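In this chain, numbering begins with 1 at the start of the sequence shown. No experiment lies behind these values; they were computed from the predicted model shown.
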Amino acid sequence: HSPPVKPGEKPSETGEVHQRKEVCHWPCRCPPAPSCTPGVSLVKDGCGCCKVCAKQSGETCNEADICDPHKGLYCDYSEDEPRYETGVCAYLVAVGCELNGVYYLNGQAFQPNPLYKCLCVSGAIGCTPVFTPKLAASPCTRVTGRKQPGQSICGRGQHKQLPSTNYRLMS
């Protein structure tokens, strides 16, 4: 004999052994976007609603709390049978990266030389310049001779914009 059908529920849904928790609610009501720790992606949640910090390797996840897609992570629900509601973020068996004969793991950050910081993401390498406070030689010090009044030591077009120190990894 089948369980009684509650009002507003379709009979087919009551036959399930485990009733899944609703993690998404519409319309969306979002708190202010959080500031994520460096290296953690700010992503739209699995409901397509709010900006959230993506879950990292080993953290719990579900339909709403998604794993960091920019690091090749997915939500592994295999330990949560038979419900499959809560999972753990794990790396897809993703390809690492090779640079100058050195092999880097997927998601690994490395510095191949003093000028760049890099990150390996699924076979692709993304790098950002490292800000060095003292440049070896300023372009302005090459000017020789006496300084004329009203003339800068730096010639026009010599003012270079230095790379910013606070960079974010772009998707």
Main-chain N/O of Ala54 paired with Gln56 side-chain donor or acceptor, under 3.5 Å: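 Side chain of Gln56 to backbone of Ala54: a pair is present.
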Name of the residue among Cys75, Ser41, Ser57 meeting side-chain contact (heavy atoms from CB on, under 4.5 Å) with Cys67: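 Only match with Cys67 under side-chain contact (heavy atoms from CB on, under 4.5 Å): Cys75.
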For Leu42, the rest of its hydrophobic cluster, which grows through side-chain links under 4.5 angstrom: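 None, because no other hydrophobic side chain comes under 4.5 Å of this residue.
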Connected hydrophobic set around Val43, excluding itself, where side chains approach under 4.5 Å: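 Direct or chained contacts put Val43 with Val52, Ile66.
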Distance (rounded to the nearest 0.5 Å) between [X] [atom1] and [Y] [atom2]:
| X | Y | atom1 | atom2 | result |
| --- | --- | --- | --- | --- |
| Tyr74 | Cys61 | OH | SG | 9.5 Å |
| Asp45 | Lys51 | CG | NZ | 10.0 Å |
| Asp68 | Lys55 | CG | NZ | 11.5 Å |
| Leu119 | Gln111 | CG | CD | 13.0 Å |

Thiol sulfurs of Cys24 and Cys49 closer than 2.5 Å: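 No, the SG atoms are not under 2.5 Å apart.
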Distance SG-SG for Cys120, Cys97 less than 2.5 Å: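 Answer is yes: Cys120 pairs with Cys97 in a disulfide.
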Intermediate values then yes/no, side chain to side chain contact (heavy atoms under 4.5 Å, CB included), Asp65 and Thr60: CA-CA 8 Å; Asp65 295 327; Thr60 56; over 6 Å; no
Under the salt bridge (charged side-chain N to carboxylate O under 4.0 Å, His left out) test, residues paired with Asp76 that sit two or more places apart: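 Salt bridge (charged side-chain N to carboxylate O under 4.0 Å, His left out) list for Asp76, sorted by chain: empty.
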Side chain to side chain contact (heavy atoms under 4.5 Å, CB included) between Thr86 and Asp80, worked out: CA-CA 6 Å; Thr86 307; Asp80 192 29; 4.0 Å; yes
Residue pairs passing the ring-ring contact (aromatic ring centres under 6.0 Å, His included) test where at least one lies in residues 106-125, sequence neighbours excluded: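 Qualifying pairs, neighbours excluded: Tyr104-Phe110.
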Set of side-chain contact (heavy atoms from CB on, under 4.5 Å) partners for Ala64, sequence neighbours left out: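 Ala64 satisfies side-chain contact (heavy atoms from CB on, under 4.5 Å) with Val23, Cys47, Asn62 once adjacent residues are dropped.
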Derivation and outcome, disulfide (SG to SG under 2.5 Å), residues Cys28 and Cys50: CA-CA 7 Å; Cys28 302; Cys50 309; 5.5 Å; no
Contact check, side chains of Glu59 and Val88, non-hydrogen atoms, under 4.5 Å: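 Heavy-atom side-chain distance check fails, nothing below 4.5 Å.
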Non-hydrogen atoms of Gly39 and Lys71 that approach each other most closely: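 It is O-NZ, 2.7 Å.
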Heavy-atom pair of closest approach, residues Val121 and His70: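 Heavy atoms of Val121 and His70 come nearest at CG1-O, 2.8 Å.
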Hydrophobic cluster membership, Val102 vs Leu105, 4.5 Å side-chain cutoff: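 Val102 and Leu105: separate clusters.
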Counterpart residues, side-chain hydrogen bond (donor to acceptor under 3.5 Å, both in side chains), relative to Ser35 (two or more places apart):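 Here no residue qualifies.
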